[in-house]
Amino acid sequence: MTRRDKNATALVRDLLAWYSAHKRPLPWRDAPAPYRVWVGEVMSQQTTLKVAVPRFEIFVARLPDAAALAACPEDVLRRLWAGLGYYARARNLQKGARYVTDDLAGALPGTCAGWLDVPGCGPYTAAMVASMCFGERVPAVDGNVVRVASRLLGMAEGVWTKDGQARIREFAAERVRLSDAPGDFNQALMELGATVCRKARPACGSCPIASACRAREDGAADRIPQPRPRKAGVDTRVVCVVLLARGRVALARRERGFLSGTVGFPVVTEGSREARDLLDILGRIPGARIRAAQGAFRHTITHHRIHGSILVALLPARGSPRVVEAELGRALGVSDFSWSNRAGVRDALGAALDRKALDLLEAP
DNA sequence: TACCCGTGGGC
DNA sequence: TGCCCAAGGGT
């Protein structure tokens with residue numbers, strides 16, 4: 001055994017010992033079942049465990065297996081996903097469940113490679129399921145692991161380059177191979193990153209593998225990894241369209257752009273062709289009355305700072321809204337109109353932006 | 001490959 | 001209040 005192997009073995013051992021003593025409870029962590037790990041990991045992507053865990057419990061209670069998820073109505077799934085954002089993940093999760101029921105006869109894959117074929121399941125999630133549930137020695141590299149590994153390796157630069165990412169991946173792969181508990185090892189690296197090897201003010205004094213850390217040796221732990229280059233913020237002005245007819249409010253599924261796939265008010269970018277088409281269509285409806293609601297709201301989606309206003313269109317009681325629906329649907333990129341009564345609107349809204357718009361609308 | 005996608009919580 | 005951030009994957 002080379003000295004490097006020996007050091008790597010010691011690191012794996014020390015990390016696992018630390019994990020055993022310090023791991024936080026997670027509902028899919030102990031006695032991990034593939035479905036629960038899959039759902040739990042996808043729900044946790046790009047969000048915080050604090051937000052994801054309570055929703056996980058509700059989700060798996062309502063949809064305990066892939067068959068239930070595959071058969072789940074769209075609005076139920078939407079409610080189960082509320083507050084988690086990135087709605088494409090929920091749709092992909094269900095797509096994955098349908099892949100399992102339709103193409104795999106309901107049997108969840110038993111290998112990392114098999115999980116990679118599941119829609120919405122990428123290298124990270126596949127490795128988590130395979131290592132936790134099947135003991136497969138595959139590295140799961142998430143943001144925490146990138147931070148921990150880049151510090152251990154003392155990567156003062158290049159962390160975010162292709163080569164840097166490959167180096168980190170290889171680092172994790174070499175070590176998970178040495179472990180008899182690869183699932184625990186993967187989770188241990190992440191747990192260390194989340195609780196000790198934090199982005200800000202890393203607690204190197206509490207780190208079980210500090211002696212192997214190049215960044216700490218260099219006194220550079222708080223400078224590694226370098227912040228990833230950030231996209232510049234963009235200001236966007238949008239108009240939420242509130243169609244009213246016979247005391248009901250029109251909601252529809254947005255088919256493109258922001259919030260694609262979610263149900264809510266049709267939204268158009270201010271000054272866009274869609275906005276002009278909207279006014280044109282509304283203007284041709286006999287008896288329709290249009291007004292701008294007072295005030296505005298703010299909402300941020302990724303790097304977009306959205307300034308929202310509201311256009312209220314009161315449609316005449318006579319006449320079917322069907323024609324308007326079809327025309328507006330094409331012009332605004334929405335479909336499946338539904339008309340909610342006042343009490344039911346909020347519950348039917350699929351995105352935080354819609355709720356802010358409704359807040360403004362209902363404001364005194 | 002670079003860019004896209006939401007939200008709630010912390011500070 | 002406003003900004004930053006967090007257990008990625010699709011395209």
Side-chain angles (χ1 to χ4, degrees), chain A residues 19 23-29 32 36-56 78 81-93 95-96 115-129 131-132 139-148 160-163 165 169 172 183-195 197-201 225 227-236 238 254 256-262 264 267 297-308 349-356:
Chain A
Y19 176 68
K23 66 177 172 182
R24 298 167 296 178
L26 269 188
W28 61 91
R29 174 161 273 174
R36 289 168 61 86
V37 174
W38 174 30
V39 171
E41 293 299 338
V42 171
M43 290 185 95
S44 304
Q45 285 170 16
Q46 301 294 288
T47 186
T48 55
L49 292 178
K50 179 162 194 156
V51 172
V53 165
R55 286 168 170 80
F56 170 84
R78 196 205 77 227
W81 205 262
L84 286 170
Y86 286 122
Y87 307 109
R89 287 181 302 152
R91 291 195 298 277
N92 283 333
L93 195 61
K95 199 168 164 187
W115 276 95
L116 282 174
D117 289 335
V118 176
C121 189
Y124 165 76
T125 307
M128 285 305 285
V129 177
S131 63
M132 288 177 66
V141 179
D142 76 331
N144 289 303
V145 174
V146 169
R147 185 169 55 256
V148 171
W160 306 111
T161 64
K162 189 178 169 186
D163 287 352
Q165 292 290 302
R169 184 166 194 81
D184 285 347
F185 177 78
N186 282 332
Q187 293 182 87
L189 268 184
M190 295 193 302
E191 191 80 347
L192 188 74
T195 63
C197 195
R198 301 172 300 230
K199 174 175 301 220
R201 297 180 298 103
R228 189 203 291 262
R230 200 162 287 286
K231 285 174 284 287
V234 177
D235 290 297
T236 311
V238 304
R254 294 169 284 235
R256 55 180 192 244
F258 290 133
L259 306 173
S260 176
T262 62
V267 177
F297 63 91
R298 303 283 283 165
H299 186 66
T300 302
I301 295 178
T302 64
H303 62 294
H304 300 270
R305 295 182 296 263
I306 298 170
H307 176 100
L349 297 175
L353 181 144
D354 298 301
R355 290 189 284 279
K356 290 185 180 179

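First the proteins, then the strands, lettered A, B, ... as listed; each starts at 1.
A:Gly143 comes within 4.0 angstrom of the backbone, heavy atoms only, and of no base. Note on A:Gln187: nothing from the nucleic acid sits closer than 4.0 angstrom, heavy atoms only. Within 4.0 Å (heavy atoms only), A:Ala82 reaches no atom of the nucleic acid at all. Using a 4.0 Å heavy-atom criterion, one finds that A:Arg230 contacts the sugar-phosphate atoms exclusively. Across all strands shown, A:Leu259 has heavy atoms under 4.0 Å from sugar-phosphate atoms exclusively, and none from any base.
You'll find the side chain of A:His299 stays beyond 4.5 Å of the side chain of A:Val238, heavy atoms only. For the pair A:Gln187/A:Lys23, no side-chain contact is recorded, criterion being any heavy-atom separation below 4.5 Å from C-beta on. With a 4.5 Å cut-off on side-chain heavy atoms, A:Tyr87 and A:Arg78 do not count as touching.
Residue A:Arg201 qualifies as open at atom CZ: its count of foreign heavy atoms under 6.0 Å is 12 or below. The number of heavy atoms from other shown groups lying within 6.0 Å of CZ (A:Arg230) does not exceed 12. Within 6.0 Å of the NZ atom in A:Lys95, the count of heavy atoms belonging to other residues, nucleotides or ligands does not exceed 12.
Whole-Å rounding puts the A:Phe185 CZ to C:dA7 C1' distance at 15 Å. If you take CD1 of A:Ile301 and P of C:dC5, they are 19 Å apart, rounded to a whole angstrom. Remark: C1' of C:dC4 and CZ of A:Arg228 are 15 Å apart, rounded to the nearest angstrom. Residue A:Lys199 contributes atom NZ, which lies 9 Å from atom C1' of C:dA6 at whole-angstrom precision. Here C:dG8 presents its C1' atom at 15 Å from CG of A:Asn186, a figure rounded to the nearest Å. What separates CH2 of A:Trp38 from P of C:dA7 is a distance of 22 Å, to the nearest Å. In this structure, OH of A:Tyr86 is placed 13 Å from P of C:dA7, rounded to the nearest angstrom. The interatomic distance linking A:Arg55 (CZ) with C:dA7 (C1') rounds to 16 Å, in whole Å.
Between A:Lys50 and A:Gly350, the one whose closest nucleotide on DNA chain B sits nearer the 5' end is A:Gly350. In terms of position on DNA chain B, the residue among A:Thr302 and A:Thr48 whose nearest nucleotide sits closer to the 5' end is A:Thr302. Each of A:Arg147 and A:Arg305 was matched to the nucleotide of DNA chain C holding its nearest heavy atom; the match closer to the 5' end belongs to A:Arg305.
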Under 3.5 Å, N/O pairs linking protein and nucleotides 9-11 of chain C:
residue, atom, partner, partner atom, Å
C:dG9, OP1, A:Gly122, N, 3.1
C:dG9, OP1, A:Thr125, N, 2.9
C:dG9, OP1, A:Thr125, OG1, 2.5
C:dG9, OP2, A:Tyr124, N, 3.2
C:dG10, OP1, A:Gly120, N, 2.6

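When every heavy atom of A:Ala82 is checked against every heavy atom of A:Arg55, the shortest pair comes out as O-NE, 2.6 Å.
Checking side-chain atoms of A:Tyr86 against main-chain N and O of A:Gln45 turns up no donor-acceptor pair under 3.5 Å.
Look at the P atom in both C:dT11 and B:dG6: the space between them is 13 Å, to the nearest Å. For B:dC3 and C:dA7, the P atoms lie 24 Å apart once the distance is rounded to whole Å.
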For residues 37-44 of chain A, dump all side-chain donor-acceptor pairs below 3.5 Å to protein atoms at least two apart in sequence or in another chain.
residue, atom, partner, partner atom, Å
A:Glu41, OE1, A:Tyr124, OH, 2.5
A:Glu41, OE2, A:Trp28, NE1, 3.1
A:Ser44, OG, A:Gly40, O, 2.7

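Distances shorter than 4.0 Å separate some side-chain N or O of A:Gln46 from OP1 or OP2 on C:dG8.
Judged purely by distance below 3.5 Å, without hydrogens or angles, the side chains of A:Arg89 and A:Asn92 never pair a donor atom with an acceptor atom.
Contact footprint of chain A on DNA chain B: nucleotides with an atom under 4.0 Å from a non-hydrogen protein atom, first to last in 5' to 3' order, B:dT1 to B:dG10.
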